[in-house]
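Data first, discussion second: the structure below is written as structure tokens.
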2 protein chains.
Amino acid sequence: MKNDKTNIASEQRLEQMVGRLKDNDHRITPQRYAVLKALSYSKAHPSAESIYEGLVAHYPTMSLATVYKTLTLLKQKGEVLELEFSELGNRYDGNKPYPHPHVICTECGKIVDPSMFALEEITEKMMKETGFKIESHRLDFYGLCGSCQKE
Amino acid sequence: MKNDKTNIASEQRLEQMVGRLKDNDHRITPQRYAVLKALSYSKAHPSAESIYEGLVAHYPTMSLATVYKTLTLLKQKGEVLELEFSELGNRYDGNKPYPHPHVICTECGKIVDPSMFALEEITEKMMKETGFKIESHRLDFYGLCGSCQKE
DNA sequence: TTTCGTGCAAAAGCTTTGCATTAGC
DNA sequence: GCTAATGCAAAGCTTTTGCACGAAA
């Protein structure tokens, strides 16, 4: 725990997620609460596996399937952002479950959230801010194409 | 084949890839040539599976493993861009093997290359240009973090 | 002729699913 | 008590790999 500001924000995010699940008549089990807590307190954009690894010591009954099922539920509710990677494995952000830029280390898989926002110039700023040596980027827009909108 | 301009560009891209592989002492087999041709002529950002499906009729000896091995080779040479998706499956762009924005249909998986480039304003332009109803985006920067640069 | 490439089949990861058991509410 | 959630194990997918055979240069 780095400081009070971090804890307060994480705690608030946790309670927000708990409240939203309760409002939708979902049960708050110890396992589910533990996953929510891991997601709201972590800034590392953890994988399902690493969430499981971090919890199984304290919650011996925890299973990887439960982590995945909780993540699926949170995705449906829009309470977690899934970053798809085939090589690195999918990563999850429960703090900011909305699209935002990421800076990703292609060697260790570290994922950092930069604080600002252009593109050619942005890359330069990203490097300064994060200390990364940026070599590539990915900019995707998701939505429905013309024909799919009609269906 | 839509028009001459398209064919000429695709043909040039094909010959470029062939030349670069030859220059690196890689053999041009019928199977490999077929994959290169599929990649250079396709604007659909095909999956490995769809490349295979499109070729197996004409090249009965073609295997999915060969498609994957060719894609791996091209990735190493920087001759194809891999778009990672866990849900949709990975997609490949052999025409523009460098980072560029994509507009992706979350329903049918169609991937389109928009012609221009900002972000809040860009989203609006993307929608007008492509006819997509854009609901989300993804902007990632890839590179080495501080500690990995030192190693 | 000498490697390199192919392709089958098996393996490897990650994620999902079926189902009996457990436990929120 | 009613249902939803858990968790084991099995299945599912995409991608990779081992290895013997075949073919490019």
Side-chain angles (χ1 to χ4, degrees), chain A residues 17-39 45-53 55-77 79-92 109, chain B residues 17-39 45-53 55-77 79-92 109:
Chain A
M17 286 201 278
V18 168
R20 286 175 181 169
L21 289 188
K22 280 183 177 172
D23 289 348
N24 283 273
D25 297 321
H26 295 288
R27 297 175 184 171
I28 305 303
T29 64
Q31 296 92 330
R32 190 168 275 178
Y33 185 81
V35 173
L36 297 187
K37 188 170 182 180
L39 281 169
H45 306 75
S47 64
E49 178 72 29
S50 71
I51 292 171
Y52 169 74
E53 289 298 337
L55 293 178
V56 72
H58 288 280
Y59 303 81
T61 91
M62 179 67 62
S63 79
L64 190 51
T66 294
V67 174
Y68 275 112
K69 283 169 180 169
T70 303
L71 288 171
T72 300
L73 174 64
L74 292 173
K75 279 193 282 177
Q76 289 170 351
K77 300 295 171 190
E79 292 297 328
V80 73
L81 179 70
E82 181 181 64
L83 299 172
E84 291 183 75
F85 297 99
S86 58
E87 197 177 325
L88 201 61
N90 288 358
R91 305 280 292 264
Y92 298 89
Chain B
M17 286 201 279
V18 168
R20 286 175 181 169
L21 288 189
K22 280 184 178 172
D23 290 347
N24 283 273
D25 297 322
H26 294 289
R27 297 177 183 169
I28 305 301
T29 64
Q31 296 92 332
R32 194 169 272 180
Y33 186 81
V35 173
L36 297 187
K37 188 170 182 179
L39 280 170
H45 306 75
S47 65
E49 178 72 30
S50 72
I51 292 172
Y52 169 74
E53 290 297 337
L55 293 178
V56 72
H58 288 279
Y59 303 80
T61 92
M62 179 67 62
S63 79
L64 189 52
T66 294
V67 174
Y68 274 112
K69 283 169 180 170
T70 302
L71 288 171
T72 300
L73 174 64
L74 292 173
K75 278 193 281 178
Q76 287 170 352
K77 300 295 171 190
E79 293 297 329
V80 72
L81 179 70
E82 181 181 64
L83 298 173
E84 292 184 73
F85 298 99
S86 60
E87 196 178 324
L88 202 59
N90 289 359
R91 305 281 291 264
Y92 298 88

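Every heavy atom of this structure was used, including side-chain atoms; hydrogens, water molecules and symmetry mates were not. Lettering follows sequence order; numbering is per chain, from 1.
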Nearest atoms (heavy-atom pairs only) where [X] meets [Y]:
| X | Y | result |
| --- | --- | --- |
| A/Arg20 | A/Asn24 | O-ND2, 2.7 Å |
| A/Phe85 | A/Leu83 | CD1-O, 3.4 Å |
| B/Leu64 | B/Ala48 | CD1-O, 3.9 Å |
| A/Met62 | A/Ala34 | CE-CB, 4.0 Å |
| A/Asn90 | A/Glu84 | OD1-CA, 3.3 Å |
| A/Pro60 | A/His58 | CD-O, 3.4 Å |

B/Asn90 near the nucleic acid: base, sugar-phosphate alone, or nothing, with a heavy-atom cut-off under 4.0 Å?
-> sugar-phosphate
Distance test, side-chain N/O of A/Arg32 to OP1/OP2 of D/dT6, below 4.0 Å = yes
Does OP1 or OP2 of D/dA5 have a side-chain N or O of A/Thr29 closer than 4.0 Å?
-> no
Whole angstroms only, please: what is the [atom1]-[atom2] distance between [X] and [N]?
| X | N | atom1 | atom2 | result |
| --- | --- | --- | --- | --- |
| A/Leu21 | D/dA4 | CG | P | 15 Å |
| A/Met62 | D/dT6 | CE | C1' | 10 Å |
| B/Gln31 | D/dC21 | CD | C1' | 13 Å |
| B/Leu64 | D/dT17 | CG | P | 14 Å |
| A/Tyr59 | D/dT6 | OH | P | 13 Å |
| B/Ile51 | D/dT14 | CD1 | P | 14 Å |
| A/His26 | D/dA4 | NE2 | P | 10 Å |
| A/Leu71 | D/dT6 | CG | P | 12 Å |

Output the single nucleotide from [options] whose closest atom is nearest the side chain of [X].
| X | options | value |
| --- | --- | --- |
| A/Ala65 | D/dA9, D/dT16, D/dA5 | D/dA9 |
| B/Lys69 | D/dG7, D/dT15, D/dG18 | D/dG18 |
| B/Ile28 | D/dA5, D/dT15, D/dA25 | D/dA25 |

Nearest nucleotide by nearest heavy atom, which residue falls closer to the 5' end of DNA chain D, B/Arg27 or B/Ser47?
-> B/Ser47
How do B/Leu88 and B/Lys22 order along DNA chain D: which one's closest nucleotide is nearer the 5' end?
-> B/Leu88
Quick one: the dot-bracket string of DNA chain D, using Watson-Crick and G-U wobble pairs with both distances under 3.5 Å, [ ] for crossing pairs and | for bases paired to another strand.
-> |||||||||||||||||||||||||
Roughly how far, to the nearest 0.5 Å, is [atom2] of [Y] from [atom1] of [X]?
| X | Y | atom1 | atom2 | answer |
| --- | --- | --- | --- | --- |
| B/Leu71 | B/Tyr52 | CG | OH | 14.0 Å |
| A/Thr70 | A/Ile51 | OG1 | CD1 | 9.0 Å |
| A/Glu53 | A/Ser47 | CD | OG | 8.5 Å |
| B/Lys37 | B/Tyr59 | NZ | OH | 6.0 Å |

Can you give the first and last nucleotides of DNA chain C, 5' to 3', that have an atom under 4.0 Å from a heavy atom of chain A?
-> C/dC14 to C/dC25
By nearest-nucleotide position on DNA chain C, the 5'-leaning member of B/Ser86 and B/Leu73 is B/Leu73
